[in-house]
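What you see is a predicted model, and the numbers here were worked out from it, not measured in a lab.
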Amino acid sequence: QLRLVESGGGLVQPGGSLRISCEASGINFYVYAIGWFRQAPGKERERVACISGINGKTYYKDSVKGRFTAVRDNVKQVVNLQMNSLKSEDTGVYYCAALKTAIGNLCPTNQSQYPDWGQGTQVTVSA
């Protein structure tokens with residue numbers, strides 16, 4: 001089990017950039033897939049990015065491909081999500097979630113498969 005804490009959210013203008021972080025505390029961080037989920041106002045929470053454990057393979061929602069980049073540092077036990085060219089539709093609460101798995105490329109899209117969650121950080125893209 002991991003304890004997760006997100007940080008780095010805030011208000012940014014359209015076209016701007018923001019980096020949010022997910023810091024984990026626990027053991028064997030490298031075997032955990034870390035997903036980034038977004039919950040926009042009035043909408044269901046959806047996975048926007050994920051970085052698998054062991055192999056560090058990344059996955060992105062189509063609407064953020066080319067704009068968002070997830071990077072993990074297994075020594076510092078942190079996953080950063082760099083968000084560029086932000087749009088108003090990127091607004092929402094961003095959560096990181098962790099799934100312990102021995103399958104190197106596994107990064108489920110279904111939030112119910114992630115047992116560990118952070119408290120979320122608000123990202124608002126507005127002029």
Side-chain angles (χ1 to χ4, degrees):
Q1 184 176 4
L2 290 182
R3 179 174 177 268
L4 304 173
V5 178
E6 300 95 336
S7 62
L11 173 65
V12 62
Q13 292 186 343
S17 297
L18 202 62
R19 188 181 77 170
I20 56 178
S21 298
C22 175
E23 294 187 40
S25 58
I27 61 173
N28 295 326
F29 174 73
Y30 73 101
V31 300
Y32 285 81
I34 303 296
W36 280 101
F37 290 78
R38 174 175 70 201
Q39 186 157 27
K43 295 186 177 181
E44 292 190 357
R45 195 157 52 183
E46 60 180 357
R47 195 194 77 176
V48 295
C50 185
I51 184 163
S52 68
I54 302 175
N55 294 343
K57 185 173 175 63
T58 52
Y59 303 83
Y60 301 98
K61 180 178 171 63
D62 285 347
S63 62
V64 309
K65 282 182 181 176
R67 301 189 297 121
F68 288 15
T69 303
V71 177
R72 69 188 297 154
D73 184 329
N74 288 333
V75 174
K76 295 181 179 179
Q77 296 196 147
V78 64
V79 173
N80 293 319
L81 185 66
Q82 178 67 41
M83 305 183 292
N84 298 327
S85 302
L86 282 162
K87 306 175 181 179
S88 57
E89 51 262 44
D90 295 318
T91 293
V93 179
Y94 284 70
Y95 300 88
C96 62
L99 167 66
K100 186 176 183 181
T101 175
I103 303 173
N105 292 334
L106 185 64
C107 244
T109 57
N110 191 331
Q111 61 178 311
S112 67
Q113 297 190 48
Y114 294 82
D116 303 323
W117 289 81
Q119 83 289 349
T121 186
Q122 175 71 46
V123 172
T124 303
V125 184
S126 175

J.: Would you say Arg72's side chain and Ser52's backbone share a donor-acceptor pair under 3.5 angstrom?
T.: yes
J.: Would you name the heavy atoms of Val78 and Ser21 that are closest together and state the gap between them?
T.: CG2-CB, 4.2 Å
J.: Would you mind listing the cluster partners of Val79? Hydrophobic ones only (ILVMFWY), side-chain contacts under 4.5 Å, chaining allowed.
T.: Leu2, Leu4, Val12, Leu18, Ile20, Phe29, Tyr30, Val31, Tyr32, Ile34, Trp36, Val48, Ile51, Ile54, Tyr60, Val64, Phe68, Leu81, Met83, Leu86, Tyr94, Val123, Val125
J.: One pair to check against side-chain contact (heavy atoms from CB on, under 4.5 Å): Gln111 and Tyr95. What are the steps and the verdict?
T.: CA-CA 11 Å; Gln111 61 178 311; Tyr95 300 88; over 6 Å; no
J.: What is the distance from atom CG of Asn105 to atom NZ of Lys57, rounded to the nearest 0.5 Å?
T.: 6.0 Å
J.: With side-chain contact (heavy atoms from CB on, under 4.5 Å) as the criterion, how do Thr91 and Arg38 come out once you've worked through the C-alpha distance, each side chain's angles and the decisive distance to 0.1 Å?
T.: CA-CA 8 Å; Thr91 293; Arg38 174 175 70 201; over 6 Å; no
J.: Between Tyr114 and Pro108, what is the shortest heavy-atom contact and its length?
T.: OH-O, 2.5 Å
J.: Minimum heavy-atom separation for Gly120 to Glu6, with atom names?
T.: N-OE1, 2.8 Å
J.: Parallel, tilted or perpendicular: which describes the rings of Trp117 and Phe37, with under 30° parallel and over 60° perpendicular?
T.: tilted
J.: Assess, by modelled atom type and distance only, whether the side chains of Gln82 and Asn84 contain a donor and an acceptor separated by less than 3.5 Å.
T.: yes
J.: Looking only at non-hydrogen atoms, find the nearest pair between Pro14 and Ser126 and report the distance.
T.: CD-C, 3.5 Å
J.: Of the non-hydrogen atoms in Val75 and Asp73, which two are nearest, and what is the gap between them?
T.: N-OD1, 3.0 Å
J.: If you round to the nearest 0.5 Å, how far is OG of Ser17 from CZ of Arg67?
T.: 10.0 Å
J.: List the atom of Pro115, the atom of Ala98, and the distance in Å for their closest heavy-atom pair.
T.: CD-O, 3.2 Å
J.: When rounded to the nearest 0.5 angstrom, what distance separates CD in Gln1 from CD1 in Ile27?
T.: 11.0 Å
J.: To the nearest 0.5 Å, tell me how far Arg3 CZ sits from Asp116 CG.
T.: 12.0 Å
J.: For atom CD of Gln77, decide whether the heavy atoms of other residues, nucleotides or ligands shown that lie under 6.0 angstrom number more than 12.
T.: yes
J.: Any carboxylate oxygen within less than 4.0 angstrom of a Lys/Arg side-chain nitrogen, looking at Lys87 and Asp90?
T.: no
J.: With rounding to the nearest 0.5 Å, note down the distance linking SG in Cys96 to CD in Gln119.
T.: 7.5 Å
